[in-house]
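Nothing fancy with the numbering, it's 1 onward along the sequence.
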Amino acid sequence: MIHKYQLNGYNIVLDVNSGAVHVVDELFYELLDFCGNGEAMPQNCPKEAVEYLSKRWTPEEIEETYAEITKLCQADQLFSSDDYSQFAKMMTPAPVKAMCLHIAHDCNLRCKYCFADTGEYMGHRELMSPETGRAAIDYLINHSAGRHNLEVDLFGGEPLMNFETVREVVRYARSLEKKHGKLF
């Protein structure tokens, strides 16, 4: 599978499966529309491609560019096959080792440079409940597999605007360390 697009005056072709990126001229870019998905490409360029493109390029230029496309296909750098299926069965879910909790969707500092509308969050302020914080800790423990050291970042706005939930999350996490053999 390929993805072709134009950006800042460049014609870019990405071969999704191999990861190869090609910056190509206009003829190459347009000729790809006649290559289907790259399977069973004939030795010579399809006649309909030559007829269509010969308004702007010579048949020799078209054939030469088609040969370049064919060569890249043979090198598995264009229209390459998806070989992921052979590895998919080897993949296992990765354990979770860290979590960032958005404790306070609010801030009292009102910094002019703030990404969150000077802490106003476009008028949608909210604080995380202690119950949600405890549930997040449970999730982290249950999905951390054999990891011993776990990380919890308390994020906001300004997390200390929700100090009671901060205290409860920290207290709850610490209370489970010995039981589960984890360190926060």
Side-chain angles (χ1 to χ4, degrees), residues 1-24 26 29 32-33 37-38 72 76-184:
M1 173 185 354
I2 65 166
H3 178 64
K4 58 181 239 176
Y5 59 98
Q6 297 174 311
L7 181 66
N8 295 328
Y10 293 100
N11 298 313
I12 303 169
V13 180
L14 166 65
D15 181 73
V16 175
N17 296 322
S18 72
V21 178
H22 309 279
V23 178
V24 300
E26 193 172 343
Y29 190 80
L32 286 172
D33 293 338
N37 59 6
L72 287 171
D76 242 6
Q77 294 182 348
L78 194 62
F79 297 109
S80 65
S81 59
D82 182 2
D83 62 355
Y84 176 74
S85 61
Q86 65 180 320
F87 301 107
K89 294 176 184 144
M90 296 180 210
M91 301 301 285
T92 59
V96 180
K97 69 172 192 153
M99 185 174 282
C100 182
L101 299 182
H102 193 71
I103 297 287
H105 196 66
D106 193 3
C107 184
N108 58 348
L109 298 177
R110 308 293 183 255
C111 302
K112 296 287 183 201
Y113 57 83
C114 181
F115 71 93
D117 188 35
T118 66
E120 295 284 333
Y121 287 92
M122 305 307 267
H124 182 72
R125 297 178 179 168
E126 196 167 341
L127 302 177
M128 178 183 284
S129 70
E131 294 79 24
T132 300
R134 286 191 296 270
I137 297 299
D138 291 338
Y139 180 90
L140 179 57
I141 290 171
N142 292 332
H143 292 87
S144 62
R147 291 210 179 257
H148 179 67
N149 295 316
L150 303 178
E151 301 171 25
V152 177
D153 299 325
L154 305 176
F155 181 74
E158 171 50 62
L160 296 179
M161 289 187 71
N162 194 3
F163 189 65
E164 289 307 312
T165 297
V166 168
R167 284 183 15 176
E168 177 57 21
V169 167
V170 171
R171 184 203 62 74
Y172 185 67
R174 295 282 183 192
S175 75
L176 298 174
E177 285 179 325
K178 288 182 182 173
K179 176 181 177 183
H180 295 283
K182 308 287 184 181
L183 286 179
F184 287 93

Is it true that a side-chain atom of Asp15 and a backbone atom of Phe79 form a donor plus acceptor pair closer than 3.5 Å?
yes
Spacing of Arg174 atom CZ and Arg171 atom CZ [to the nearest 0.5 Å]
12.5 Å
Of all heavy-atom pairs between Leu127 and Ala104, which one has the smallest distance, and what is that distance?
CD2-CB, 3.7 Å
Which ring pair (Phe, Tyr, Trp, His ring centres under 6.0 Å) pairs, counting each pair once, include a residue from residues 142-172, with sequence neighbours left out?
His102-Phe155, Tyr139-His143
At their closest point, which heavy atom of Val169 faces which heavy atom of Gly133, and how far apart are they?
CG2-CA, 3.6 Å
Can you give me the closest heavy-atom contact between Gln6 and Asn11, atom names plus distance?
NE2-OD1, 2.7 Å
Quick check for you: to the nearest 0.5 Å, what is the distance between Glu177 atom CD and Phe184 atom CZ?
6.5 Å
Shortest non-hydrogen contact from Lys4 toward Val13:
CB-CG2, 4.1 Å
Donor-acceptor under 3.5 Å (Ser80 side chain, Gln77 main chain):
no
Taking the side chain as every heavy atom from C-beta outward, state whether Arg134 and Glu131 have any pair of such atoms under 4.5 Å apart.
yes
Write down the atom of Pro95, the atom of Ala145, and the distance for their closest heavy-atom approach.
CB-CB, 3.7 Å
What pair of heavy atoms forms the shortest contact from Ala136 to Leu101, and how long is it?
CB-CD2, 3.5 Å
Check whether any side-chain N or O of Asn162 sits under 3.5 Å from a backbone N or O of Ile103 as a donor-acceptor pair, and report yes or no.
yes
Do the side chain of Lys182 and the main chain of Leu176 share a donor and acceptor less than 3.5 angstrom apart?
no
Once rounded to the nearest 0.5 Å, what's the spacing between atom CG of Leu150 and atom CE of Met99?
9.5 Å
Nearest 0.5 angstrom please: Tyr5 OH to Tyr10 OH, how far?
12.5 Å
Once you round to the nearest 0.5 Å, how far does CD of Glu126 lie from CG of Asp106?
10.5 Å
Just wondering, do Asn108 and Met161 contact through their side chains at under 4.5 Å, heavy atoms?
yes
Between OG on residue Ser144 and CD on residue Glu151, distance to nearest 0.5 Å:
12.0 Å
Applying the side-chain contact (heavy atoms from CB on, under 4.5 Å) test to Leu154, which of Leu160, Val166, Thr165 qualifies?
Val166
Note, Leu78 side chain near Leu32 side chain (heavy atom, < 4.5 Å):
yes
4.5 Å side-chain heavy-atom contact, Asp83 and Asn17
no
